[in-house]
Amino acid sequence: YGRLQEEEMGRGPIFRLWGSREDGAMLRDKLAALLQPVIAGLGYGLWDLEYLPGRGNALLRIYLDTDAHEGITVADCERASRAVSETLDAADPIPGNYTLEVSSPGMDRPLKKLADFARFAGQEAQVKLRVPLGNQRNFTGVIVGVRGVPSFPGAIPASRHTRGLRPGRTGRRPWRR
């Protein structure tokens with residue numbers, strides 16, 4: 001009886017209420033791989049991509065970047081949104097309904113990859129540690145270089161603490177040029 005019931009019902013759960021974190025990360029990676037060439041073809045860089053599943057309506061937020069002096073404009077976001085929408089409609093990688101947002105990461109942009117830290121060497125940044133250094137987790141300083149981990153003079157010595165870096169943020173402010 002047990003074997004017959006298993007064959008009739010299947011081996012896995014009948015339904016899933018929501019996906020795991022791994023499912024979200026895999027979909028995020030799939031979306032980034034799908035959209036990176038489309039965005040690069042328009043002359044922009046994919047700074048970041050967020051996929052936030054939700055009940056009935058997910059959110060896909062894409063951050064564009066450019067080396068152009070004027071930065072990302074509303075017209076750039078509109079142009080990229082149309083190209084990304086066409087690609088997503090053709091590939092249909094997102095289950096269910098979703099909202100697409102295309103934006104610039106802004107002046108106070110998060111630094112997540114080593115390349116981000118290298119690009120903003122010489123700029124002021126705020127860094128939050130996952131593991132406190134002494135009694136302190138938050139540091140502000142100038143990024144002086146990147147050698148495997150971002151380095152800040154006097155703030156983060158090369159140690160076990162640098163493995164606990166959270167994404168930083170640039171400290172570029174319009175009034176401090």
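Values below: every heavy atom of this structure, side chains too, minus hydrogens, waters and symmetry copies.
Put simply, the side chain of Y63 does not reach to within 4.5 Å of the side chain of L46, judged on heavy atoms. Inter-residue side-chain proximity for P95 and L27 is flagged as met; some heavy-atom pair is nearer than 4.5 Å. Put simply, the side chain of L42 reaches to within 4.5 Å of the side chain of R79, judged on heavy atoms. Using a 4.5 Å heavy-atom cutoff, the side chains of L88 and L60 are in contact. For the pair S103 and L64, the minimum side-chain heavy-atom distance is 4.5 Å or more. Under the 4.5 Å side-chain criterion, counting only non-hydrogen atoms from C-beta, D76 is in contact with Y44.
Linking Ile, Leu, Val, Met, Phe, Trp and Tyr residues whenever their side-chain heavy atoms come within less than 4.5 Å leaves V38 and Y51 in two separate clusters. Under the 4.5 Å side-chain contact rule for hydrophobic residues, L52 and L100 do not share a cluster. Hydrophobic clustering, with ILVMFWY side chains joined whenever heavy atoms are under 4.5 angstrom apart, keeps L59 apart from I62.
Listed here is the closest heavy atom pair of K128 and N138: CG-OD1, 3.1 Å. The two atoms that bring P53 and A58 nearest to each other are CA-CB, 3.9 Å, heavy atoms only. Contact record, L129 with Q136: CD1-O, 4.3 Å, taken as the closest heavy-atom pair. Across all non-hydrogen atoms, the minimal contact from A80 to V102 is CB-CG1, 4.1 Å.
S85 contributes a side-chain N or O that, together with a main-chain N or O of S81, makes up a donor-acceptor pair within less than 3.5 Å. The closest donor-acceptor contact from the side chain of D89 to the backbone of E86 lies at 3.5 Å or more, if one exists at all.
At a cut-off of 3.5 Å, with distance as the only test, no side-chain donor of Y98 or N57 sits close to an acceptor on the other residue. Residues S104 and D65 have side chains that never bring a donor and an acceptor to within less than 3.5 angstrom of each other.
Heavy-atom neighbours of R61 CZ from other residues, nucleotides or ligands within 6.0 Å: above the threshold of 12.
For the atom pair CZ (R82) and OG1 (T87), the distance works out to 14.0 Å, reported to the nearest 0.5 Å. To the nearest 0.5 Å, atoms CD1 (I39) and OG1 (T66) are separated by 12.0 Å.
For the salt bridge (charged side-chain N to carboxylate O under 4.0 Å, His left out) test, residues two or more places apart in sequence or in another chain that qualify with D48 are R28, K112.
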